[in-house]
Amino acid sequence: MSADMGKRLQDVRKRRGFTQRELASVSGVSVSLIRKLEQGERADTRLETARRLAVALRVPTTSLVGGPAAGAGEGADPDRDDQWAPVRQALVGPVGSADASEVPTVAGMQDLIDAAVPLFSGDRFRELSLILPTLIRDADLIAETGGPAGRDVRVRLMQLTGWLLTQTRQFEAAGTALDRSLEDASDRLQGAATVNTRCWLLLRQGRLGEARELAVRWADEVEPRISRATPAELSAWGWLLLRASAAAVRDNRPGEAEDTLRYAHSAAVAMGREFAPGDDFLKAFGPVTVALKRAENAMVVDRPDLVLKLSARIPTSGMRTTSNNRNRHLLDVAEAHTRARDYAKAVDVLQEIRASAPEWLPNQRYARDIFGRIIARRRTLTSDMRSLADAIGVPM
């Protein structure tokens, strides 16, 4: 949060005629935290808390939040930061030269990236941290020597790299990768795919207004005629609408969030099923994706009952358990069970995520928050729960 959030909060509270205690009662935020925020003793509250206060005060969240929000956009875990140092260096380093006997080719680079895609979709971060520096350097060489096809190769790798670094909270480096991808993009659909991830990056940083404006602008630019739209066009448009909805609901703009979600649903219906244009998992879109995001919005507006109701209807059995769809949804389900005080079910869901995405889970502060609340309500922990706490990164 920006340092002057407390002053903004105090000004809006007074204009609305609330005492601190009355605002606490309406928002569900403790009076002690409100007092600390207004007195400048706390500047690191979660975006979730800011949204609760904004809802109670009937203002956009961004009118309280002046900068990136802790919890929605904190920096990388310092214990894991060095893992990505070679990747960050490769992104900003000069383009090198290749040995005459090992000059990379466009076709060869395409094959290498295709072979690496399962590592990205499977959240195999350790392996990616080892191979990405070389891939980036070779992609830079290809972009310099391979003409438009070479630049397309780099666009694809930068899209994947930006997505990965956003996932692992390497936010500055993610922005660099996405900037490079957008600079090389040869058409609007390539650009839209990059902007989709850029909007996600802005959301994770708590930059809600920027995310919403960028998503809406690009959605307007790529909006297709649905009756003639290709799957790639529907996917690009639909994902931008989902990002706009995610930003709007977090910014306490429920009407706008619902409108953009409804348009995304129209694109999904036109798509007919879950489909990844060009077999690109980052572009996978369809009715199930929209349903998952509807449940996510329900969790943002404190409707855990609706999350569980929606989740029961979502046919996820045939979906790939990647972090950008099913696993993120399962965290909402775990949180909904926690709110209902059904801690055993919440733990089961977290264990399910751990089994399918062991490297993804420790990067999720949301998971740490959920499990932290669970263990705070228990006097003793089972050995399985202690193991899960270690895996998630919850201090004991």
Heavy-atom check, side chain of [X] versus side chain of [Y], under 4.5 Å:
X: Q351; Y: D384; value: yes
X: K293; Y: H265; value: no
X: D348; Y: E352; value: no
X: M109; Y: L112; value: yes
X: L53; Y: L23; value: yes
X: L164; Y: F125; value: yes
X: E213; Y: L202; value: no
X: Q167; Y: N363; value: no

Output yes when a side-chain donor or acceptor of [X] lies under 3.5 Å from a complementary backbone atom of [Y], and no otherwise.
X: R368; Y: P362; result: yes
X: D251; Y: R253; result: no
X: R378; Y: T380; result: yes
X: S129; Y: R126; result: yes
X: E274; Y: V288; result: yes
X: E335; Y: D369; result: no
X: R51; Y: V300; result: yes
X: N252; Y: V59; result: yes
X: S235; Y: P231; result: no
X: S311; Y: V307; result: no

For this session: Check the pair F371, M385 against side-chain contact (heavy atoms from CB on, under 4.5 Å), reporting the backbone distance first and the verdict last.
Result: CA-CA 9 Å; F371 198 59; M385 292 181 74; 4.1 Å; yes

Please report the shortest heavy-atom distance between [X] and [Y], naming the atom on each side.
X: I226; Y: A270; value: CG2-CB, 3.5 Å
X: G150; Y: I142; value: CA-CG2, 3.2 Å
X: A229; Y: P224; value: CB-CB, 3.7 Å
X: Y366; Y: D332; value: OH-OD1, 2.7 Å
X: L208; Y: R250; value: CD1-O, 3.5 Å
X: N327; Y: A357; value: ND2-CB, 3.5 Å

For this session: Go through the steps for E22 and R16 under the test salt bridge (charged side-chain N to carboxylate O under 4.0 Å, His left out), then give the verdict.
Result: CA-CA 11 Å; E22 287 169 340; R16 291 287 191 246; over 6 Å; no

For this session: Before accepting this row, confirm whether a basic side-chain N of the pair D11/R15 lies closer than 4.0 Å to the acidic partner's carboxylate O.
Result: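 No, this pair does not count.
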
Problem set entry | Ion pair check, D305 and R303, cut-off under 4.0 Å | yes

Going only through I, L, V, M, F, W and Y residues with side-chain contacts under 4.5 Å, is there a path from [X] to [Y]?
X: L57; Y: V249; value: no
X: L306; Y: I314; value: no
X: V333; Y: V347; value: yes
X: L381; Y: L388; value: yes
X: M158; Y: I131; value: yes

For the atom pair [atom1] ([X]) and [atom2] ([Y]), what is the distance rounded to the nearest 0.5 Å?
X: R13; Y: F18; atom1: CZ; atom2: CZ; value: 10.0 Å
X: R377; Y: R373; atom1: CZ; atom2: CZ; value: 7.5 Å
X: I34; Y: L9; atom1: CD1; atom2: CG; value: 6.5 Å
X: R326; Y: L292; atom1: CZ; atom2: CG; value: 9.0 Å
X: R156; Y: T161; atom1: CZ; atom2: OG1; value: 10.0 Å
X: F120; Y: I113; atom1: CZ; atom2: CD1; value: 8.0 Å

Let me have the donor-acceptor pairs involving side chains of residues 175-182, under 3.5 Å, with sequence neighbours excluded, atom names and distances please.
| from | atom 1 | to | atom 2 | distance (Å) |
| --- | --- | --- | --- | --- |
| T176 | OG1 | E172 | O | 3.2 |
| D179 | OD1 | R198 | NH2 | 2.3 |
| R180 | NH1 | L91 | O | 2.9 |
| R180 | NH2 | D140 | OD1 | 2.3 |
| R180 | NH2 | D140 | OD2 | 3.2 |
| S181 | OG | V155 | O | 3.3 |
| S181 | OG | T194 | OG1 | 2.7 |

Exercise. Under 6.0 Å from the CD atom of Q89, do we count more than 12 heavy atoms belonging to anything else shown?
Worked result: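 No, the 6.0 Å shell around CD holds no more than 12 heavy atoms from other groups.
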
For this session: Would you indicate whether R21, at its atom CZ, is surrounded by more than 12 heavy atoms from other residues, nucleotides or ligands within a distance under 6.0 Å?
Result: no

Problem set entry | Pair F281-L160, side-chain contact (heavy atoms from CB on, under 4.5 Å): steps then yes or no | CA-CA 10 Å; F281 79 99; L160 289 163; 3.8 Å; yes

Problem set entry | Parallel, tilted or perpendicular, as decided by the 30° and 60° cut-offs, for the rings of W163 and W200 | tilted

Problem set entry | Residues R294, E258; criterion side-chain contact (heavy atoms from CB on, under 4.5 Å); working and verdict | CA-CA 9 Å; R294 184 176 294 280; E258 183 56 36; 3.3 Å; yes

Check: residues 238-248 side-chain donor-acceptor pairs under 3.5 Å, at least two apart:
| from | atom 1 | to | atom 2 | distance (Å) |
| --- | --- | --- | --- | --- |
| W239 | NE1 | A284 | O | 2.9 |
| R243 | NE | N196 | O | 3.4 |
| R243 | NE | N196 | OD1 | 2.6 |
| R243 | NH2 | N196 | OD1 | 3.4 |
| S245 | OG | A257 | O | 2.8 |
| S245 | OG | N297 | ND2 | 3.0 |

For this session: Could you walk me through whether S387 and R354 pass the side-chain hydrogen bond (donor to acceptor under 3.5 Å, both in side chains) test, one step at a time?
Result: CA-CA 11 Å; S387 177; R354 179 190 181 188; 2.9 Å; yes

Problem set entry | side-chain contact (heavy atoms from CB on, under 4.5 Å) between L310 and M299, intermediate numbers included | CA-CA 11 Å; L310 292 171; M299 195 72 256; over 6 Å; no

